[in-house]
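Have a look at the structure below, then the notes.
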Number of protein chains: 2
Amino acid sequence: MAEVTIKDVAALAGVSAATTSRVLSGNPATSSQARVKVAAAVKELDYRPNAQARALRSTRSDSIGLLVPDVRNPFFADLAHTVEQAALSQGYVTLLGNANEKKVQQDRYLDTLISRRVDGIIVAPLGDGGGSIHALIEREIPTVFVDRTVDGIDVPSVTTDSKVGIRQTVKHLAALGHTRIGYISGPQATSTGRDRFAAFTAAVADAGLSQDSDLVYFGDFQAGSGSAGVHALLQLDDPPTALLAADSLMAVGAIAILHKLGLGIGTDIALVAFDDIEWFALLNPALSVISHSVEDMGRIAVDLLLQVIAGESPQSVVLPSELVIRASSMSPILPAASRRKN
Amino acid sequence: MAEVTIKDVAALAGVSAATTSRVLSGNPATSSQARVKVAAAVKELDYRPNAQARALRSTRSDSIGLLVPDVRNPFFADLAHTVEQAALSQGYVTLLGNANEKKVQQDRYLDTLISRRVDGIIVAPLGDGGGSIHALIEREIPTVFVDRTVDGIDVPSVTTDSKVGIRQTVKHLAALGHTRIGYISGPQATSTGRDRFAAFTAAVADAGLSQDSDLVYFGDFQAGSGSAGVHALLQLDDPPTALLAADSLMAVGAIAILHKLGLGIGTDIALVAFDDIEWFALLNPALSVISHSVEDMGRIAVDLLLQVIAGESPQSVVLPSELVIRASSMSPILPAASRRKN
DNA sequence: CGTGTTCGTGGAATCGATTCCATGGAATCG
DNA sequence: CGATTCCATGGAATCGATTCCACGAACACG
């Protein structure tokens with residue numbers, strides 16, 4: 001334990017620990033001689049303050065927590081990246097937790113983050129307001145929801161307005177002649193799952209398309225359920241001619257099984273995905289997507305959180321979504337006769 | 001500041017803080033009555049120990065740091081995921097840092113992690129052994145390198161033996177008739193960049209293929225340089241008929257520009273990428289890859305780190321790599337006459 | 001020239017938990 | 001039955017930094 005402490009620095013600089021601390025924290029009540037002597041001693045000893053001790057006394061840790069449902073989901077990886085960069089530029093370090101789409105793991109991480117006394121938490125929540133999410137509110141720990149929200153819990157949030165993008169998509173598909181659109185939905189236990197489903201239902205009704213409830217498959221935002229969804233939808237007596245997947249991972253699963261079944265995306269069946277991912281444009285055919293800005297979402301989430309930490313009560317922000325048409329949904333529908341049936 | 005401390009718990013339970021601490025840390029020197037009373041008080045007050053104070057006194061923080069060069073690189077996102085899960089199962093939380101392929105940011109994060117007194121650090125290093133990497137060693141902070149290493153710095157590591165996979169790839173491409181293979185290399189400032197380049201050079205020589213140095217483009221492991229590399233290689237007087245990209249992001253860049261140029265992957269030009277990513281199999285045509293196990297890498301890195309923390313000196317581990325042939329490199333080479341030239 | 005500010009500084013208390021040490025009561029042994 | 005061991009327990013020191021408070025020197029003003 002040859003740990004260098006503030007006392008060692010103080011001794012070498014020939015001043016007290018109190019003065020050393022003042023110099024290090026930029027307190028103006030210090031003489032220039034003290035400043036240079038301390039600076040020299042710090043350099044000489046390669047001193048790094050113990051963040052734990054500092055946090056214990058000053059009750060701020062200069063760190064925030066970010067809890068995402070799944071780091072491997074490119075959308076959340078991007079989010080982690082932007083949040084982390086934005087936080088860093090404000091002097092905060094980000095502790096990343098991965099709930100792995102499991103409520104118990106979410107609770108486990110929230111507990112840990114609370115224990116470590118992070119200054120605030122950004123979370124894309126899953127489940128209802130029970131468990132540790134509730135504890136956050138009770139302890140008045142600065143919290144911001146990102147991407148998703150939780151009913152009955154009133155904290156600032158940054159979310160996407162999925163209505164516009166989904167309405168555009170349905171209209172676009174209808175214009176190509178599609179009347180039966182299959183929807184691979186997210187879980188109704190998440191706010192994004194519910195919102196997008198509601199938006200889809202409304203858009204389909206408005207466009208006068210089939211509202212057959214068989215056309216909706218409820219997945220879990222993971223790749224596997226995208227495959228399962230396609231499988232189920234294609235086995236209908238009157239299968240859909242276009243598909244909309246409520247997130248990128250389920251779209252990946254859908255693409256995988258469509259390949260396997262030998263169905264041509266964009267020709268045999270149209271496909272649109274929610275969430276824009278760099279690679280989707282590289283697929284052949286390129287995938288149409290409902291795009292929304294991760295960068296804005298991450299940046300704004302950090303902004304809001306810092307405001308909450310500062311004691312303010314910022315308004316929630318809703319970001320727009322927008323359809324980006326690519327080859328996977330460009331061809332007009334084929335006459336029924338020439339379509340294969342699975 | 002309605003923070004619940006161990007004293008509150010002690011008071012409610014009718015015992016001292018010392019006893020409460022013993023109960024909470026599972027010290028056997030406690031009576032069963034004390035245990036039940038403390039447990040009840042903890043529950044009643046919803047007490048969470050202050051991890052900072054605990055770490056300050058006990059000099060362990062039960063946390064490890066993971067520093068990756070880029071979270072948005074799916075390979076490192078996967079790595080983050082497995083490391084985090086493996087660490088969690090051993091009772092450690094992971095603090096994720098993102099160097100963003102920048103040495104200054106790497107140093108910034110290492111400093112922060114050192115300040116926070118993490119129990120150990122897993123890092124995929126960039127740059128030479130200077131800066132904060134050096135400080136890690138000097139302070140004898142348990143460190144493990146993952147994926148990459150740093151010359152002259154002797155810490156346990158988990159890396160991939162790229163030789164086998166690259167040799168298989170070159171042999172495979174040669175068998176299809178390719179004689180000029182373009183190589184989009186990683187930066188020579190990273191160990192993986194150097195290793196893979198050396199392996200490629202050796203394999204090409206062994207197979208008796210063209211060793212034209214113009215066939216090598218030096219990129220930076222990011223998508224943009226993949227595009228730039230393809231661009232440069234195709235402008236040669238005698239352009240390559242097959243390409244090998246040294247990581248997944250550069251492969252993504254390569255695919256993007258090949259699409260843009262209207263060149264058919266697997267037909268006009270063969271393409272193989274290092275790093276297996278779930279989506280690569282979904283591309284049309286599916287991408288041939290040199291695959292290595294991220295799961296193993298992450299799990300073993302955590303294993304090694306825990307051993308180092310425990311004071312042992314484990315051996316470094318080298319994992320195998322292997323060629324997975326898919327459609328992007330399956331067709332025999334076309335006769336030169338029928339190939340378009342760019 | 002004395003009184004009153006201003007200003008840099010050091011001593012000491014403090015944050016919340018862990019842990020050494022001493023204590024007193026119960027259990028065990030000769 | 002007295003002496004010894006054992007064991008649960010509480011008091012107090014401790015980890016490393018921050019910050020309140022008081023002190024003394026320097027300076028300005030009347």
Side-chain angles (χ1 to χ4, degrees), chain A residues 1-39 41-42 45-63 111-119 139 141, chain B residues 1-39 41-42 45-63 111-112 114-119 139:
Chain A
M1 289 305 135
E3 287 292 359
V4 178
T5 76
I6 199 169
K7 284 184 194 157
D8 302 320
V9 177
L12 183 61
V15 297
S16 73
T19 300
T20 309
S21 170
R22 275 185 282 258
V23 169
L24 290 170
S25 59
N27 189 317
T30 49
S31 69
S32 56
Q33 323 159 28
R35 277 196 289 271
V36 301
K37 283 192 294 184
V38 168
V42 164
L45 298 173
D46 192 25
Y47 165 74
R48 328 258 163 141
N50 183 322
Q52 248 112 30
R54 185 204 297 265
L56 178 59
R57 183 62 229 255
S58 59
T59 66
R60 11 189 345 242
S61 62
D62 290 323
S63 62
D111 279 355
T112 308
L113 292 173
I114 294 174
S115 267
R116 309 201 130 245
R117 303 294 191 267
V118 291
D119 295 338
R139 291 166 174 261
I141 293 170
Chain B
M1 292 301 138
E3 286 293 358
V4 178
T5 76
I6 199 170
K7 285 184 194 156
D8 302 321
V9 176
L12 182 61
V15 298
S16 73
T19 300
T20 308
S21 170
R22 276 185 280 259
V23 170
L24 290 170
S25 60
N27 188 315
T30 49
S31 69
S32 56
Q33 322 159 32
R35 278 196 289 272
V36 301
K37 282 193 294 183
V38 168
V42 164
L45 298 174
D46 192 25
Y47 165 74
R48 327 259 163 139
N50 183 323
Q52 248 112 31
R54 184 205 300 265
L56 178 59
R57 182 63 229 256
S58 57
T59 67
R60 358 185 0 233
S61 62
D62 290 322
S63 62
D111 280 355
T112 308
I114 294 174
S115 265
R116 309 201 133 247
R117 303 292 192 270
V118 291
D119 294 338
R139 294 169 170 259

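So you know, we letter chains A, B, ... as the sequences are listed, proteins then strands, and number each from 1.
For the pair B:Ser16 and D:dT9, the criterion of a side-chain N or O lying under 4.0 Å from OP1 or OP2 is not met. A:Thr5 has no side-chain polar atom (N or O) that falls below the 4.0 Å cut-off from OP1 or OP2 of D:dG16. Phosphate proximity of D:dT9 to B:Ser31: present, with a side-chain N or O under 4.0 Å from OP1 or OP2.
Among D:dT9, C:dA17, D:dG16, the nucleotide with an atom closest to any side-chain atom of B:Asn50 is C:dA17. The side chain of A:Ile6 approaches D:dA17 more closely than any other nucleotide in the set D:dA12, C:dG16, D:dA17. Each of D:dT9, D:dT19, D:dG10 was ranked by its minimum atom distance to the side chain of B:Thr30; first place goes to D:dT9. Side chain of A:Ala53, nearest nucleotide from C:dT19, D:dG16, D:dC20: D:dG16. For A:Ser21, taking side-chain heavy atoms from C-beta onward, the closest of the listed nucleotides C:dA17, C:dT9, D:dT18 is D:dT18.
Checking A:Thr5, A:Val9, A:Val4 one by one against A:Lys7, the side chain to side chain contact (heavy atoms under 4.5 Å, CB included) holds for a single residue, A:Thr5.
A donor N or O paired with an acceptor N or O is found under 3.5 Å between the base of C:dT14 and the side-chain atoms of A:Arg57. Between the side chain of A:Arg117 and the base of C:dG16, no donor-acceptor pair of N or O atoms lies under 3.5 Å.
At whole-Å resolution of the value, CZ in B:Arg35 and P in D:dC7 are 13 Å apart. Atom CZ in A:Arg116 sits about 14 Å away from atom C1' in C:dA17, given to the nearest Å. The CG atom of A:Leu56 sits 9 Å away from the C1' atom of D:dC15 (whole-angstrom rounding). Taking atom CG of B:Asn27 as the reference point, atom P of D:dA8 lies 9 Å away to the nearest angstrom. One can place CD of B:Gln52 at 15 Å from P of D:dG16, the figure rounded to the nearest angstrom. Here D:dT9 presents its P atom at 8 Å from NZ of B:Lys37, a figure rounded to the nearest Å. The interatomic distance linking A:Ile114 (CD1) with C:dG16 (P) rounds to 16 Å, in whole Å. One interatomic measurement links the two molecules: CZ of A:Arg60 to C1' of D:dA17, which rounds to 14 Å at whole-angstrom precision.
The main-chain N or O of A:Ala55 is never found under 3.5 Å from a side-chain atom of A:Ser61 such that the two would form a donor-acceptor pair.
Side-chain contact between A:Ser63 and A:Arg116 is absent, with no heavy atoms from C-beta onward closer than 4.5 Å. B:Val42 places a side-chain heavy atom less than 4.5 Å from the side chain of B:Leu24. Taking the side chain as every heavy atom from C-beta outward, B:Asn50 and B:Glu3 never approach each other to under 4.5 Å.
Comparing A:Leu24 and B:Ala29 by the nucleotide of DNA chain D whose heavy atom lies nearest to each, the residue mapping closer to the 5' end is B:Ala29.
As judged by a 4.0 angstrom heavy-atom cut-off over every strand, B:Ala34 is placed among residues touching the sugar-phosphate backbone only.
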- B:Arg22/B:Thr30 under side chain to side chain donor-acceptor pair (under 3.5 Å): CA gap, chis, key distance, verdict: CA-CA 7 Å; B:Arg22 276 185 280 259; B:Thr30 49; over 6 Å; no
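Nucleotide C:dG30 forms a pair with D:dC1, judged by Watson-Crick or G-U wobble geometry with both contacts under 3.5 Å.
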